[in-house]
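Contents: one structure, followed by commentary.
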Amino acid sequence: MSLTFWKPGTAGPGSNLDRASEVEETFLPYAPVQRQGEQLPIFKHRRNLLYCVEKYGVVIVVGQTGCGKTTQLPQYLLQAGWADEGHVIACTQPRRIAATSVATRVSEELGTKLGDEVGYTIRFEDVSSKEKTRILYMTDGMLFRETLVDPLLSRYSVIMVDEAHERSVYTDLLLGILKKIRKKRPSLRIIVSSATLDAINFLDYFSQDRSSEKATIVSLEGRTYPVEVAYIQEPIEDFVRKAAEVVWNINLQQGPGDILVFLTGREDIERCLDELAEMLPTQATYRLPSTAMRLLPLPLHAGLTTEEQLHIFQSAASGTRKAIISTNVAEASVTIEGIKFVVDCGFVKIRIFNPTTALASLATVPISVASATQRAGRAGRTSPGICYRLYPIAVFKALPMTTSPEITRTDMTTPILQLKSLGIDDLMKFDWVSSPPAESVLRALEGLHASGMIDDNGRLTPIGERVSECPVEVGIARMLFRSKDYHCGEEILTIAAMTTVQDVFVIPDGAAGALAELERRKFTAEEGDHFTLLNAYNAFTKYGRSSGWCKSHALSFRAMSRAVSIRSQLKKYMQRFNLPIESCEGDSKRLSRCLVSGYWRNGARWTADGTYRSVRGDMVLHVHPTSVLFTRKPRTGWVVFHEMEETKKTQ
DNA sequence: GAGCACTGC
């Protein structure tokens, strides 16, 4: 590559970047909300906000991350008496880590013990007290599940749905239910916290009909640093290579501050690290400008072990600059302090479910304006920063405003079963924040009907009622219930837990991968992946459940520990439904039959050319390379598969 | 012979 130097003081790296024409006006990542050109009021004093909560049933709150809305707002409400008379203030988060860390911080601020006045509830962990807790942080999925038990959520006086702009399936379902609850219980207050661009959508949603009369929107002023945005002039072909060049040039041109690069996936990240590794030796041989620092490139993606992820947070030695090459995890899930430069490739990988074919796929798609703003904002958390977008400004202007809500591109089988359980039978009349596609609803209903969860009239059956309570997919739940007939509850429980966690086996690239592959073979069962997972789980519990053991046997300790938690939770459900937990005592036939009873809709037949044909739809299927059946023929010529996915494989 | 965005109950 050629080394290009910029004059000091220019916006910087990106060849042919002309400051005058290509640097957008410096902006604040969280601009005030505008409607038809009119700026909506910004509230600086808490009494204004409390007045709105008092006067309006629904308040949409816009504020930057770190303006204190998540930690401060519930405390204001507490002081204003919203948690008197045994009421609880809830604050929901899309992620477990946010619920726990925020609860910890707020309980410290109030000088109380975590789990007393301030607590949290996430799957597997309830650190709260029925008597004492006044402010409860929880995942939105957890609160949605609570509606199955208490349909009016009667213990809560205020429910704040935080990070609503992320539009997870559970956030959407929860908002739909909350709107319904407010009609029956107008004393309930709802606060929806959102990013600027989505705020108007939520306001419109809550004020679109006459019965939900009172909704308003307020902006909270926060401390933000300006972020300068630079665009590339011409579209580029290889953003991975370009990202590496830009990182290199930032290091030469700019003062101190760490770099965060957004790429799409592990493959991109590794290639970018390779490109940077090739450039690194020149650090020693060239005479570099005095501003240049030692560059320390680090990968970041969800597949890393906890240990590996810790490197990201350690501050680099003096004179060294971290360059964190990341997937979308760094956009909202992981926050790294000290980032001054962001490089944004403009793409993201999202999972798309096609309801017509029942095929899931991972697609690389352009990000939204909201997402680009969020990424840029990562540069301005602790000081003014610069964001380099690896796409022209014209491309930016053509981006969709927001990312499509998950509910529009996911399998709706489980959510619809849960809605049915809440007594919402007419799905066409349900007041969705965004409607799922009609085909998606139809496919889910058809599937629920075929597996006996709903009757001919679309009403929940007794088994459907019980399955809706189980926190697993319908097929898995069916399997758990049928294990009674096959006397194999013990093993089915393990298989259910193991199929729920992903990335159980850790197979790295290269020579280490070949060794890991050999380790995995020790667990391989000729019956297939379900039995292989069962073997791995049993070995894990037999040999002391240690991380060292996992490491030497190509297993992910994180995944295995999670499987243990899920298994014990599912065991409680089985006991509640009086399902016996018996062992099949090595009778693999009985176990196979039980698997088929849950997953008979996912049957496929082996053919002589090595491919499979699905029973439903007669589609040509290939075995995924991560399956133990990738290298072998099924003994009976028939398989049941866990899921179908569309990949890059051709032919 | 071929592949792994990210969450959540």
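Residue numbering restarts at 1 for every chain, and letters A, B, ... go by the order of the sequence lines.
- Spacing between atom CD of E646(A) and atom P of dA5(B) amounts to 16 Å, rounded to whole angstrom units.
- The distance from atom CD of E270(A) to atom P of dC4(B) is 14 Å, rounded to the nearest whole Å.
- Using a 4.0 Å cut-off, some side-chain N or O of T139(A) falls inside it from OP1 or OP2 of dC9(B).
- Separating the CG atom of L422(A) from the C1' atom of dC9(B) is a distance of 14 Å, rounded to the nearest angstrom.
- Relative to the ring axis of F557(A), K551(A) does not place its NZ or CZ within 45° and under 6.0 Å from the centre.
- With centres under 5.5 Å and a plane angle under 30° as the test, the ring of Y170(A) is not stacked against the base of dG8(B).
- Rounded to whole Å, the distance from CG on L300(A) to P on dA5(B) is 13 Å.
- Salt-bridge formation is not detected for the pair R351(A)/D411(A): no Lys NZ or Arg NE/NH1/NH2 atom is positioned less than 4.0 Å from an Asp or Glu carboxylate oxygen.
- Of the listed nucleotides (dG3(B), dC6(B), dC9(B)), dC6(B) has the atom at the smallest distance from the side chain of H301(A).
- Residue Q502(A) is classed as a base contact, given a heavy-atom separation below 4.0 Å to a base.
- Using a 4.0 Å heavy-atom cutoff across all strands shown, V348(A) reaches no nucleic acid atom at all.
- Note on R96(A): a side-chain N or O is less than 4.0 Å away from OP1 or OP2 of dC9(B).
- Of the two residues contacting DNA chain B, namely T264(A) and P471(A), the nearest-nucleotide position lying further toward the 5' end is that of T264(A).
- Closest to the side chain of R95(A), out of dC9(B), dA5(B), dG8(B), is dG8(B).
- In this structure dC6(B) sits in the anti conformation; its chi angle is more than 90° from 0.
- dT7(B) atom P lies 15 Å from atom NE2 of H165(A), rounded to whole Å.
- One finds a side-chain N or O of T647(A) lying less than 4.0 angstrom from the OP1 or OP2 phosphate oxygen of dG3(B).
- F630(A) comes within 4.0 angstrom of a nucleotide base, judged by non-hydrogen atoms across all strands.
- The distance from atom CD1 of I367(A) to atom P of dC6(B) is 16 Å, rounded to the nearest whole Å.
- For the atom pair CG (L143(A)) and OH (Y137(A)), the distance works out to 14.5 Å, reported to the nearest 0.5 Å.
- dA5(B) atom P lies 8 Å from atom CD of E267(A), rounded to whole Å.
- As judged by a 4.0 angstrom heavy-atom cut-off over every strand, T414(A) is placed among residues making no nucleic acid contact.
- Under the 6.0 Å distance and 45° angle rule, R375(A) counts as a cation-pi partner of F262(A).
- Checked against a 6.0 Å centroid threshold, the rings of Y599(A) and H642(A) count as neighbours.
- With a 6.0 Å cutoff to the six-membered ring centre and a 45° limit on the axis angle, R389(A) counts as a cation-pi contact of F396(A).
- If you check dC9(B), dG1(B), dC6(B) against the side chain of T327(A), the one that comes closest is dC6(B).
- Contact check, T626(A) against dA2(B): no side-chain N or O comes under 4.0 Å of OP1 or OP2.
- Between R351(A) atom CZ and dA5(B) atom P there is a gap of 11 Å when expressed in whole angstrom units.
- Residue-to-nucleotide proximity on DNA chain B shows that, of T121(A) and T631(A), the 5′-proximal contact is made by T631(A).
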